[in-house]
Q: 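Below are the structure tokens for one structure; questions will follow.
Sequence lines set the chain letters: A, B, ... in the order given, protein chains first and strands last, and positions in each chain run from 1. Worth knowing before you read on, the calculation uses all heavy atoms, side chains too, and leaves out hydrogens, waters and symmetry mates.
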Amino acid sequence: MLDIKLIRENPDNIKKKLTIRGMKTESVDKILALDIKRRESIGEVEKLKSLRNTVSQEIAVMKKEGKDASARITDMKKVSDDIKAIDERLAEAEKMIDEVLRDIPNIAEDSVPEGKSSDDNVGFRIWGEKASGDFKYLDHVELGKKLDILDFSIGAKISGSGFPFYKGRGAVLERALINFMLDTHKLNGYTEVFMPFLVNRASMEAAEKVPKFEEDMYRTDPDDLFAIPTAEVPIVNIHRDEVLDLKDLPVKYCGYTACFRREAGSYGKDTKGFLRVHQFNKVEMINFCLPEQSYSQMEEMLNHACGILEALNVHYRVVNVCTGDMGFAASKQYDIEVWSPAENKWLEASSVSNCTDFQSRRAMIRFKRDKKTEFLHILNGSGLATSRLYVSLIESNQTPEGKIVIPKALHKYTGFEVIG
RNA sequence: GGAGAGGUGGGUGAGUGGCUCAAACCAACGGUUUGCUAAACCGUCAUAGGGGGUCAACCUCUAUCGAGGGUUCGAAUCCCUCCCUCUCCGCCA
């Protein structure tokens with residue numbers, strides 16, 4: 001959620017920023033008009049409430065002294081009715097402001113490239129080399145089937161398409177990746193957490209996922225719980241409605257969860273195997289920090305995610321995501337993409353975002369400095385999602401005979417060095 | 001699923017309709033005293049929003065006692081609905 005004061009004080013600048021993100025600007029005018037109405041109502045109603053408070057005191061005194069207070073009581077009856085009416089008007093204006101505000105994304109930082117779609121993202125870093133063996137690289141679905149480590153048809157039978165099924169060494173490899181990543185992040189100063197995969201509506205709202213993206217979520221009906229689309233949701237909510245101690249910042253967490261996404265509207269796109277799934281595994285990093293730290297912390301988080309890939313010798317590139325392709329809550333975003341030799345393309349495996357104070361304002365997560373409370377900045381980064389990393393890993397490390405060589409860093413987690 | 005108890009400021013905890021528009025204590029912070037520590041004493045001790053302003057550290061008003069409604073001139077206090085926590089029973093990995 002944006003700060004309404006920012007909109008009030010500098011509407012033209014906000015409009016400009018919205019345009020850059022490909023958004024219409026009329027919401028700004030709507031908010032300005034509603035805000036004026038809101039503040040007028042507040043002025044009116046508070047004057048009446050103040051009157052009511054004093055007169056109620058007087059009535060108490062009069063009754064105590066045995067005087068007749070019925071005239072005043074009659075007066076106050078009218079005042080109370082008026083208060084009720086204005087309060088209703090006020091609540092209506094506030095609700096409408098909130099509705100509009102919920103549709104406005106975070107402001108892009110200056111270093112974010114302008115653009116409309118992922119085609120306009122700008123290369124930021126590239127590491128490693130494409131697998132270049134002199135043979136035809138099998139794609140992960142064929143390879144997984146041949147080695148009997150992945151079977152998407154079983155997943156489809158159990159749940160539906162987009163629910164992966166791992167088997168034998170394939171399952172062990174998945175678990176090894178998760179453990180390797182968690183251990184690495186712990187060494188980088190993150191506190192490991194394990195958390196609920198179903199969260200309540202308040203948590204989803206605090207993380208700015210709902211109501212805007214409700215149709216992308218799995219939801220349980222009788223209890224109104226949401227299957228988390230990312231561990232970002234539960235982790236951000238650890239500190240909802242809290243004032244953190246300045247000396248503890250930055251507070252860093254990492255944790256593994258399964259992630260659930262309906263991917264509504266993208267049926268038929270990238271449906272093969274792991275490329276787009278409804279359930280996947282991800283290790284997430286979250287950082288609560290001082291506002292002036294957040295962009296340097298962001299670079300650090302990017303390096304932590306990239307460090308995983310480098311330890312696994314996975315060819316990757318980082319793109320600076322453009323204004324049109326950025327996440328709703330992000331002010332700046334890096335995507336990390338890994339190379340698939342079989343698809344002959346880059347696959348998004350991680351996203352590191354600086355959400356500045358956009359989530360913390362909604363979630364009321366603050367710290368105290370010089371007797372004033374300020375919203376802290378929240379960053380999230382996948383480090384990383386396993387599914388597409390898994391694709392790159394097994395495809396790139398396959399041998400001409402169709403075996404998979406496990407990277408050395410994983411040996412102590414898998415207990416084997418080759419599949420097949 | 002059944003029965004019961006309870007949710008008050010950072011913590012403990014008083015308060016069952018009007019000198020409580022939340023007492024007291026603890027913790028924290030600032031100060032005084034002291035050779036040092038301790039103790040004692042004094043002070044500060046919420047959050048959000050509105051208005052005023054020499055627009056910052058100031059003044060003022062309003063709201064907030066789990067959430068939302070209701071009754072009333074007036075609600076932490078009475079009524080209704082919901083949420084959560086704890087205890088016991090049942091079921092269960």
Side-chain angles (χ1 to χ4, degrees), chain A residues 1-10 31-98 100-101 194-206 210-211 219-226 234 237-249 251 258 291 357-376:
Chain A
M1 164 168 88
L2 280 189
D3 187 356
I4 191 164
K5 279 188 215 136
L6 222 62
I7 298 173
R8 190 189 297 154
E9 281 158 20
N10 210 339
I31 285 181
L32 288 177
L34 286 166
D35 185 45
I36 288 169
K37 256 168 82 181
R38 167 177 160 267
R39 286 191 290 161
E40 278 172 2
S41 298
I42 288 172
E44 272 178 75
V45 84
E46 287 192 349
K47 216 179 282 172
L48 292 178
K49 281 181 180 171
S50 179
L51 175 69
R52 183 177 69 183
N53 286 342
T54 24
V55 176
S56 288
Q57 292 283 326
E58 288 169 19
I59 291 171
V61 173
M62 288 171 84
K63 287 214 165 180
K64 206 172 181 184
E65 293 171 351
K67 293 185 194 158
D68 175 33
S70 57
R72 309 229 115 173
I73 289 175
T74 315
D75 290 349
M76 284 308 105
K77 225 172 196 150
K78 167 90 173 71
V79 170
S80 272
D81 286 346
D82 290 348
I83 287 173
K84 209 176 201 175
I86 302 170
D87 261 343
E88 268 168 36
R89 223 194 303 149
L90 179 61
E92 184 62 22
E94 280 176 345
K95 195 179 144 214
M96 282 163 76
I97 288 173
D98 189 59
V100 181
L101 223 41
F194 195 89
M195 64 217 104
F197 292 3
L198 296 179
V199 300
N200 58 33
R201 183 171 286 274
S203 293
M204 289 295 273
E205 283 178 345
V210 145
R219 191 175 71 84
T220 69
D221 190 33
D223 302 308
D224 202 30
L225 294 172
F226 292 85
N237 276 281
I238 292 172
H239 294 300
R240 170 151 52 97
D241 297 321
E242 282 184 15
V243 179
L244 302 194
D245 220 319
L246 177 67
K247 64 178 191 294
D248 294 334
L249 300 178
V251 174
D357 56 1
F358 194 78
Q359 288 173 321
S360 60
R361 182 171 297 106
R362 173 74 66 192
M364 293 295 280
I365 306 174
R366 295 158 295 170
F367 66 97
K368 206 162 215 174
R369 173 157 63 181
D370 300 331
K371 291 188 175 173
K372 282 180 70 178
T373 50
E374 298 176 49
F375 293 109
L376 42 70

Q: For B:A3, give the paired nucleotide (Watson-Crick: N1-N3 plus N6-O4 or O6-N4; G-U: N1-O2 and O6-N3; both under 3.5 Å), or none.
A: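 Across any shown strand, B:A3 pairs with B:U87.
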Q: Tell me the partner of B:A23, counting only Watson-Crick (N1-N3 plus N6-O4 or O6-N4) or G-U wobble (N1-O2 and O6-N3) with both under 3.5 Å; none if nothing fits.
A: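 No nucleotide pairs with B:A23.
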Q: For B:G50 and A:Arg38 - does any side-chain N or O of the residue sit under 4.0 Å from the phosphate oxygens OP1/OP2?
A: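 Yes, such a contact exists.
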Q: Given side chains that start at C-beta, do those of A:Phe367 and A:Pro291 come closer than 4.5 Å, heavy atoms only?
A: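 Side chain of A:Phe367 against side chain of A:Pro291, heavy atoms only: contact under 4.5 Å found.
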Q: For A:Ile86 and B:G50, what is the distance between atoms CD1 and C1' respectively, to the nearest whole Å?
A: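 Rounded to the whole Å, the gap is 14 Å.
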Q: Which nucleotide, B:U47, B:G18, B:G50, lies nearest any side-chain atom of A:Lys368?
A: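 Nearest to the side-chain atoms of A:Lys368, counting from C-beta on, is B:U47.
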Q: Using the P atom as the point on both nucleotides, what is the distance between B:G17 and B:A75, in whole Å?
A: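 It comes out at 14 Å once rounded to the nearest Å.
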Q: Need the pair for B:C36. Rule: Watson-Crick or G-U wobble, both distances under 3.5 Å, any strand; none if unpaired.
A: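 Base partner found: none.
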Q: Starting at atom CD1 of A:Ile73, determine the distance to atom P of B:G18, rounded to an integer number of angstrom.
A: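 After rounding, the gap between these two atoms is 15 Å.
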Q: According to the Watson-Crick and G-U wobble definitions, with both distances under 3.5 Å, which nucleotide is paired to B:U72?
A: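 Matched B:U72 with nothing under the 3.5 Å cut-off.
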Q: For A:Ser80 and A:Arg8, find the nucleotide of RNA chain B closest to each by heavy atoms; which residue's nucleotide sits nearer the 5' end?
A: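 Closest to the 5' end, via its nearest nucleotide, is A:Arg8.
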Q: Base, sugar-phosphate or nothing for A:Lys78? Non-hydrogen atoms, less than 4.0 Å.
A: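 No contact at all - A:Lys78 keeps every heavy atom at 4.0 Å or more from the nucleic acid.
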Q: Under 4.5 Å between any side-chain heavy atoms of A:Glu40 and A:Ile36, yes or no?
A: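 Yes. Closest side-chain heavy atoms under 4.5 Å.
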Q: Counting distance alone, no hydrogens or angles: does the base of B:G49 have a donor or acceptor under 3.5 Å from a partner atom on the side chain of A:Glu46?
A: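 Indeed there is one.
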Q: Could you tell me whether the phosphate oxygens of B:G49, OP1 or OP2, come under 4.0 Å of any side-chain nitrogen or oxygen in A:Lys49?
A: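 A:Lys49 to B:G49 OP1/OP2: no side-chain N or O under 4.0 Å.
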Q: So if I take every side-chain heavy atom of A:Thr373 and compare against B:U47, B:C73, B:G50, which nucleotide ends up nearest?
A: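 Per side-chain heavy atoms of A:Thr373, the pick is B:U47.
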Q: Quick check on B:U62: is either OP1 or OP2 less than 4.0 Å from any side-chain nitrogen or oxygen of A:Ser50?
A: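 So the side-chain polar atoms of A:Ser50 do come within 4.0 Å of the phosphate oxygens OP1 or OP2 of B:U62, strictly under.
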Q: Check whether any side-chain nitrogen or oxygen of A:Asn53 sits under 4.0 Å from OP1 or OP2 of B:U62, and answer yes or no.
A: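 True: A:Asn53 side-chain N/O within range (under 4.0 Å) of B:U62 OP1/OP2.
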Q: Is there a side-chain contact between A:Ile73 and A:Lys63, using heavy atoms and a 4.5 Å cut-off?
A: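 Of all side-chain heavy-atom pairs linking A:Lys63 with A:Ile73, at least one is under 4.5 Å.
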Q: Taking NZ from A:Lys84 and P from B:U62, how many angstroms apart are they, rounded to a whole number?
A: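 Result: 20 Å.
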Q: I'd like to check A:Arg8 versus A:Lys5 (side-chain heavy atoms, cut-off strictly below 4.5 Å). Are they in contact?
A: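 Yes - at least one pair of side-chain heavy atoms lies under 4.5 Å apart.
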Q: Kindly say if A:Lys63 contacts the phosphate of B:G74, meaning a side-chain N or O under 4.0 Å from OP1 or OP2.
A: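 No.
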Q: Within this structure, what is the CD-to-P distance between A:Glu65 and B:C19, rounded to whole angstrom?
A: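 So the two atoms are 14 Å apart, to the nearest Å.
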Q: For the pair made of CZ in A:Arg369 and C1' in B:U47, what is the distance, rounded to whole Å?
A: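 It is 19 Å, rounded to the nearest whole Å.
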Q: Tell me whether the side-chain N/O atoms of A:Ser70 come closer than 4.0 Å to OP1 or OP2 in B:C73.
A: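 Result: no.
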Q: Rounded to whole Å, please give me the gap between CZ in A:Arg39 and C1' in B:A63.
A: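 In whole Å, B:A63 C1' and A:Arg39 CZ are 18 Å from each other.
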Q: For A:Arg201, report the nucleic acid contact type (base, sugar-phosphate, nothing); a contact means any heavy atom under 4.0 Å.
A: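 Counting heavy atoms under 4.0 Å across all strands, no contact is made by A:Arg201.
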Q: Under a 3.5 Å limit for both distances, which nucleotide forms a Watson-Crick or G-U wobble pair with B:A48, could you say?
A: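 The answer is B:U62, by the H-bond criterion.
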Q: Using heavy-atom distances to pick each residue's nearest nucleotide on RNA chain B, tell me which of A:Lys5 and A:Lys47 is more 5'.
A: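 It is A:Lys5 whose nearest nucleotide is closer to the 5' end.
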Q: Let's test this: given Watson-Crick or G-U wobble pairing with both distances under 3.5 Å, identify the partner of B:C92.
A: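 Paired with B:C92, as far as the under-3.5 Å criterion goes, is no nucleotide at all.
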Q: Looking only at side-chain N and O atoms, does A:Arg366 come under 4.0 Å of OP1 or OP2 in B:A48?
A: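 Answer is yes, contact under 4.0 Å.
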Q: Side-chain contact test, heavy atoms from C-beta onward, threshold under 4.5 Å: evaluate it for A:Glu44 versus A:Leu48 and give yes or no.
A: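 A:Glu44 does not reach A:Leu48 side chain to side chain.
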Q: What distance, rounded to whole Å, do you find between the two C1' atoms, one in B:G9 and one in B:U20?
A: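 To the nearest whole Å, 14 Å.
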Q: Report yes if some heavy atom in the side chain of A:Val55 is under 4.5 Å from a heavy atom in the side chain of A:Val79; otherwise report no.
A: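 A:Val55 vs A:Val79: side chains apart.
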Q: Rounded to whole Å, how long is the line connecting atom CD of A:Gln57 with atom P of B:G18?
A: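 Computing the A:Gln57:CD to B:G18:P distance gives 11 Å.
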Q: With a 4.0 Å cut-off on heavy atoms, is A:Ile59 in touch with a base, just the backbone sugar-phosphate, or nothing at all?
A: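 Base contact.
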Q: When you compare B:A27 with B:U44, how far apart are their C1' atoms, in angstrom units rounded to a whole number?
A: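 Going atom to atom, C1' in each nucleotide, I get 14 Å.
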Q: Heavy atoms, side chains only, cut-off 4.5 Å: are A:Ile31 and A:Arg38 in contact?
A: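 They are not in side-chain contact.
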Q: Would you mind pulling out the nucleotide paired to B:G9, Watson-Crick or G-U wobble, both distances under 3.5 Å?
A: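 Pair assignment: B:G9 / none.
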Q: Which one is paired to B:U81, where only Watson-Crick or G-U wobble pairs with both distances under 3.5 angstrom count?
A: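 B:A67 is the nucleotide pairing with B:U81.
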Q: Rounding to the closest angstrom, what is the interatomic distance between B:G66 and B:G7 at atom P?
A: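 About 8 Å, rounded to a whole number of Å.
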Q: Quick one: closest heavy-atom pair of A:Ile365 and A:His239, and the distance?
A: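 That closest heavy-atom pairing would be CG1-O, 3.2 Å.
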Q: For A:Ile83 and B:U71, give me the distance from atom CD1 to atom P, rounded to whole Å.
A: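 It works out to 14 Å between those atoms.
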Q: Looking only at atom P, what distance separates B:C55 and B:A67, rounded to whole Å?
A: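 Going atom to atom, P in each nucleotide, I get 38 Å.
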Q: Sticking with atom P, work out how far B:A28 lies from B:U85, rounded to a whole angstrom.
A: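 That atom pair is separated by 31 Å.
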